[in-house]
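Input: a single structure, listed below in structure tokens.
Just so it is clear: chains get the letters A, B, ... in the order the sequence lines come, proteins before strands, and each one is counted from 1.
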There are 2 protein chains.
Amino acid sequence: MNNPCSQHQHPHRLVQQPLTELTAKLRQHSRKITGPRQAILDVLRRHQNPMANREIHAALGQECDLATVYRNLHTLEDMGLVRRFDFGDGTARFELVPEGDDGHHHHLICTRCSRIVEIDECFPVEVEQALARRHGFTEITHKLEFFGVCAQCQAKSAPAVP
Amino acid sequence: MNNPCSQHQHPHRLVQQPLTELTAKLRQHSRKITGPRQAILDVLRRHQNPMANREIHAALGQECDLATVYRNLHTLEDMGLVRRFDFGDGTARFELVPEGDDGHHHHLICTRCSRIVEIDECFPVEVEQALARRHGFTEITHKLEFFGVCAQCQAKSAPAVP
DNA sequence: GCGACGTTTGCAACCTGTTTGCAAACGACT
DNA sequence: AGTCGTTTGCAAACAGGTTGCAAACGTCGC
């Protein structure tokens with residue numbers, strides 16, 4: 001692969017810091033540490049908000065194929081290094097799972113400009129479990145996202161008061 | 001259009017019961033009462049659970065084109081006669097909005113067999129509004145769906161105890 | 001009833017996000 | 001260095017959904 005890391009960056013990247021948890025998890029699944037893999041994680045590390053496959057691919061430059069991005073996000077998701085979000089626009093988005101964190105959280109998304117805010121509020125566990133019990137379900141989880149119009153967008157559309 | 005209603009069913013369908021609210025709303029939007037339109041609403045009326053475009057089209061037989069189903073579900077959604085749901089599998093599903101009802105509710109979906117249960121629990125309004133205020137958002141809404149394994153599917157996968 | 005006019009339909013082509021088959025390239029281990 | 005399973009790029013395939021267009025239809029005024 002045409003991995004720019006070995007050309008433009010520290011040549012010993014393979015034995016650098018991210019190795020700690022990454023290699024461990026990769027080994028666990030008999031997966032390999034590859035250029036694209038690291039590059040994708042780097043991109044996610046540098047971004048605050050969930051990113052789409054296309055965005056990650058773009059941020060990577062021509063470093064690897066879009067199909068590779070898709071495939072890697074699947075494997076990283078399976079390994080629990082990355083979390084998938086679905087904002088209902090038909091595009092999956094991914095976030096890095098912070099080390100040793102269950103990291104469960106939700107988002108508030110502006111329906112005008114797509115600004116994304118991370119939210120700590122969550123659906124009450126007791127209610128969720130009662131609900132599961134009542135319907136005989138187990139292994140219960142939920143998806144929860146909030147939508148609205150952010151302050152900026154409200155300002156933009158507010159009529160000028162003379 | 002090849003509308004089987006006029007062949008196989010009551011020929012006076014156009015002046016039947018659903019007209020009440022339907023015609024009113026359609027007129028409001030200067031929309032017409034067409035065969036496919038009614039047929040789609042009939043199908044939804046007969047089904048308890050949210051249906052995908054494809055399913056509705058299939059239930060309709062060759063009564064109308066799939067593109068027509070898509071277009072009509074959009075218009076019906078715009079008019080508030082139908083509500084769209086997104087269970088994260090990349091397929092939109094639709095439910096009839098009960099007459100004169102805000103009908104806001106959520107679902108519990110079995111991740112094995114896709115069984116769907118309608119749920120009344122909802123995210124606490126006060127918390128939602130506090131959240132909106134804190135982040136300067138207005139017009140706040142949410143999407144919330146629960147996933148789990150239903151009783152039947154648990155039974156199937158449970159090891160037989162001798 | 002009948003015609004005019006805007007709406008809706010079927011059809012086929014298209015778009016976008018995502019997946020897949022395959023041969024070549026690569027990473028880890030001996 | 002050699003081996004073997006994993007990963008990659010590429011191009012083609014999918015799937016859900018959308019769209020342009022001409023023909024068919026529903027509504028409304030006469």
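Ring orientation note: the planes of F85(B) and F87(B) are tilted relative to one another, at an angle of 30° to 60°.
Closest contact between the side chain of T91(A) and the listed nucleotides dG17(C), dT27(D), dG10(C) involves dG17(C). The side chain of A67(B) sits closest to dA12(C) out of dT9(C), dT18(C), dA12(C). Nearest nucleotide to the R71(B) side chain, out of dG9(D), dG10(C), dT18(C): dG10(C). For K32(A), counting side-chain heavy atoms from C-beta on, the closest listed nucleotide (dA28(C), dT7(C), dG17(D)) is dA28(C). In this structure, the nucleotide among dC10(D), dT8(D), dT19(D) sitting nearest to the side chain of T68(A) is dT8(D).
Between L66(B) and S30(B), the residue anchored closer to the 5' end of DNA chain C is S30(B), taking for each the nucleotide with the nearest heavy atom.
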side-chain hydrogen bond (donor to acceptor under 3.5 Å, both in side chains) evaluation trace for H142(B) with E128(B): CA-CA 9 Å; H142(B) 61 256; E128(B) 178 172 78; 2.5 Å; yes
Stepwise side-chain hydrogen bond (donor to acceptor under 3.5 Å, both in side chains) test for R115(B) and H135(A): CA-CA 12 Å; R115(B) 182 189 317 276; H135(A) 294 281; over 6 Å; no
Step-by-step side-chain hydrogen bond (donor to acceptor under 3.5 Å, both in side chains) determination, H106(B) to E121(B): CA-CA 7 Å; H106(B) 303 285; E121(B) 274 82 356; over 6 Å; no
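If you measure from atom CG of D65(B) to atom C1' of dT19(D), you get 12 Å, rounded to the nearest angstrom. Atom C1' of nucleotide dT18(D) and atom CZ of R84(B) are separated by 12 Å, given to the nearest angstrom. The distance from atom CG of D89(B) to atom P of dT19(C) is 13 Å, rounded to the nearest whole Å. Protein atom CG of D86(A) is 10 Å distant from nucleotide atom P of dT18(C), rounded to whole Å. Q62(B) places its CD atom 10 Å from the P atom of dG10(C), with the value rounded to the nearest Å. If you take CZ of F94(A) and P of dT18(C), they are 7 Å apart, rounded to a whole angstrom. Rounded to an integer number of Å, the gap from I33(B) CD1 to dT7(C) C1' is 13 Å. Straight-line distance from the NE2 atom of H57(A) to the C1' atom of dT19(C): 15 Å, rounded to whole Å.
Not a single donor-acceptor contact under 3.5 angstrom links the side-chain atoms of R31(B) to the base of dG6(C).
Of the side-chain N and O atoms in R27(B), one or more sit less than 4.0 angstrom from OP1 or OP2 of dC28(D). For dT19(C), the OP1/OP2 oxygens have no side-chain nitrogen or oxygen of Y70(A) closer than 4.0 Å. At least one side-chain nitrogen or oxygen of N53(B) sits closer than 4.0 Å to the OP1 or OP2 atom of dG17(D). At the phosphate of dC26(C), neither OP1 nor OP2 sits under 4.0 Å from any side-chain N or O atom of T34(A).
As judged by a 4.0 angstrom heavy-atom cut-off over every strand, R93(A) is placed among residues making no nucleic acid contact. Across all strands shown, H74(A) has heavy atoms under 4.0 Å from sugar-phosphate atoms exclusively, and none from any base.
In the model, H74(A) has a side-chain atom that pairs as donor or acceptor with a side-chain atom of R84(A) under 3.5 Å.
No continuous path of hydrophobic side-chain contacts links V127(B) to F147(A) [ILVMFWY only; heavy atoms under 4.5 Å].
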